Amino acid sequence: MSQFPQHNFHNKIHVNGKRNRLTSFSLIKKITYENEERAEHARAGLEELKKSTFHERIVIPYFEYEIDGCELTYQAEYIKGNYVTFWDMKTLREAFLERENPWTFVDISPVNYIVDSYHPGIHHDQAPIYPVDLDSYGYWPERRHRVETWNRIIQRQRADWSELLIDEDPA
């Protein structure tokens, strides 16, 4: 079991509208880096993530982390939902590539984001989007690098996603 307090990861779930139960869904990720400098870079990203704000649909799941030498461990709230769609990718592009802040998510593969669509009355295009791989948050000040990574990921998707490609030519 995790070393983090489990009561911090409890969510209230309604059952049949009459009863409630507390559940604790979370993901634990352990990463061993080749050196302490790389681990410290990842730790700095998680620390910055706790302070960051994003597009209104982007929600960071509750998480805690610790670092021990070259090993980083974090536990994050597990979000039930579906992978992002083509239309959600436009939100991710706006939230992560078009932001001025050099701290951002750069690995914007659709499988790394979950749309929390389990709320009655919320349409999919308004549902919160949660990142899964929190350790991919980092310092990416060069827009060119962000765009190259984005375009590489989009090109691996379906052919009709090509309109999401970003033309970096400033002219």
Side-chain angles (χ1 to χ4, degrees), residues 25-35 37-65 67 72-119 121-171:
F25 290 116
S26 65
L27 298 171
I28 298 172
K29 188 170 183 179
K30 285 188 176 210
I31 308 159
T32 303
Y33 294 93
E34 65 265 11
N35 58 51
E37 182 180 338
R38 297 278 306 206
E40 177 56 30
H41 179 74
R43 186 214 56 79
L46 290 176
E47 190 60 35
E48 190 66 31
L49 180 58
K50 284 190 174 276
K51 300 182 282 187
S52 293
T53 58
F54 300 96
H55 183 281
E56 66 260 4
R57 283 190 64 201
I58 305 299
V59 179
I60 305 303
Y62 175 80
F63 71 96
E64 294 186 27
Y65 69 90
I67 191 165
L72 173 73
T73 302
Y74 73 83
Q75 182 172 359
E77 175 186 14
Y78 174 80
I79 306 301
K80 285 185 170 184
N82 302 305
Y83 293 128
V84 295
T85 65
F86 170 85
W87 303 107
D88 300 316
M89 291 299 287
K90 292 179 179 185
T91 300
L92 295 181
R93 182 178 63 196
E94 178 183 330
F96 301 137
L97 273 88
E98 296 173 4
R99 74 190 250 132
E100 294 297 321
N101 190 334
W103 288 91
T104 193
F105 287 96
V106 75
D107 185 2
I108 309 178
S109 179
V111 297
N112 289 339
Y113 297 87
I114 298 294
V115 177
D116 181 3
S117 53
Y118 286 93
H119 297 288
I122 295 180
H123 192 269
H124 178 93
D125 66 351
Q126 297 172 336
I129 300 173
Y130 290 80
V132 175
D133 289 330
L134 302 181
D135 55 299
S136 72
Y137 190 77
Y139 187 70
W140 304 100
E142 294 183 38
R143 178 169 165 73
R144 180 188 55 79
H145 177 73
R146 292 186 201 189
V147 168
E148 287 172 358
T149 303
W150 168 267
N151 284 344
R152 191 170 47 253
I153 289 167
I154 294 302
Q155 288 170 340
R156 287 187 291 200
Q157 305 306 314
R158 298 175 13 185
D160 58 342
W161 282 36
S162 62
E163 75 178 69
L164 291 171
L165 291 171
I166 298 172
D167 181 12
E168 187 54 21
D169 185 10

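Residue numbers start at 1 and run along the sequence shown. None of the values given here were measured: they were computed from a predicted structure.
At least one donor-acceptor pair under 3.5 Å links the side chain of Lys50 to the backbone N or O of Phe63. Looking only at distances, a side-chain donor or acceptor of Thr104 sits under 3.5 Å from a matching main-chain atom of Phe96. Remark: the backbone N or O of Pro61 is not paired with any side-chain donor or acceptor of Glu77 at under 3.5 angstrom. Judged purely by atom type and a 3.5 angstrom limit, Trp150 uses its side chain to pair as donor or acceptor with the backbone of Leu164. Remark: the backbone N or O of Leu134 is paired with a side-chain donor or acceptor of Tyr74 at under 3.5 angstrom.
Annotation: Glu34, atom CD; neighbour count of heavy atoms from other residues, nucleotides and ligands within 6.0 Å is above 12. For CZ of Phe86, the number of neighbouring non-hydrogen atoms (other residues, nucleotides, ligands) closer than 6.0 Å is greater than 12.
Atoms OG and OH, on Ser26 and Tyr62 in that order, are 11.0 Å from each other to the nearest 0.5 Å. Put simply, CD1 on Ile31 and CG on Leu72 are 5.0 Å apart, with the number rounded to the nearest 0.5 Å. Ile166 CD1 to Arg93 CZ: the interatomic distance, rounded to the nearest 0.5 Å, is 5.5 Å. The structure places CG of Leu165 at 7.0 Å from CD1 of Ile154, a figure rounded to the nearest 0.5 Å. Between Ile129 atom CD1 and Phe54 atom CZ the span is 12.5 Å, to the nearest 0.5 Å. From Glu64, atom CD reaches atom OG1 of Thr73 across 12.5 Å, with rounding to the nearest 0.5 Å.
Side-chain contact between Glu163 and Lys90 is present, with at least one heavy-atom pair separated by less than 4.5 Å. Proximity of Arg43 to Leu46: side-chain heavy atoms (C-beta onward) are nowhere separated by under 4.5 Å. Annotation: side chain of Val84 is not in contact with side chain of Thr91 (no heavy-atom distance under 4.5 Å). Using a 4.5 Å heavy-atom cutoff, the side chains of Ile60 and Pro131 are in contact.
By the salt bridge (Lys or Arg N to Asp or Glu O under 4.0 Å) test, Glu47 is found to be paired with no residue, residues two or more places apart in sequence or in another chain being considered. Val132 is linked by a side chain to side chain contact (heavy atoms under 4.5 Å, CB included) to Leu27, Ile114, counting only residues two or more places apart in sequence or in another chain.
Here the shortest heavy-atom pairing between Ile58 and Ala95 reads CG1-CB, 3.7 Å. In terms of heavy-atom proximity, Ser52 sits nearest to Tyr137 at OG-OH, 2.6 Å. The two atoms that bring Val59 and Pro128 nearest to each other are CG2-CB, 3.7 Å, heavy atoms only. Nearest heavy-atom pair across Ile79 and Asp116 is CG2-CB, 3.8 Å. Ser136 and Phe105 get closest at one heavy-atom pair: OG-CD2, 3.3 Å. When every heavy atom of Asn101 is checked against every heavy atom of Arg99, the shortest pair comes out as ND2-NH2, 3.0 Å.
Inspection of the Asp88 and Thr85 side chains reveals an N or O donor paired with an N or O acceptor under 3.5 Å.
Note on residues 145-155: pairs passing salt bridge (Lys or Arg N to Asp or Glu O under 4.0 Å), not counting sequence neighbours, are Arg144-Glu148.
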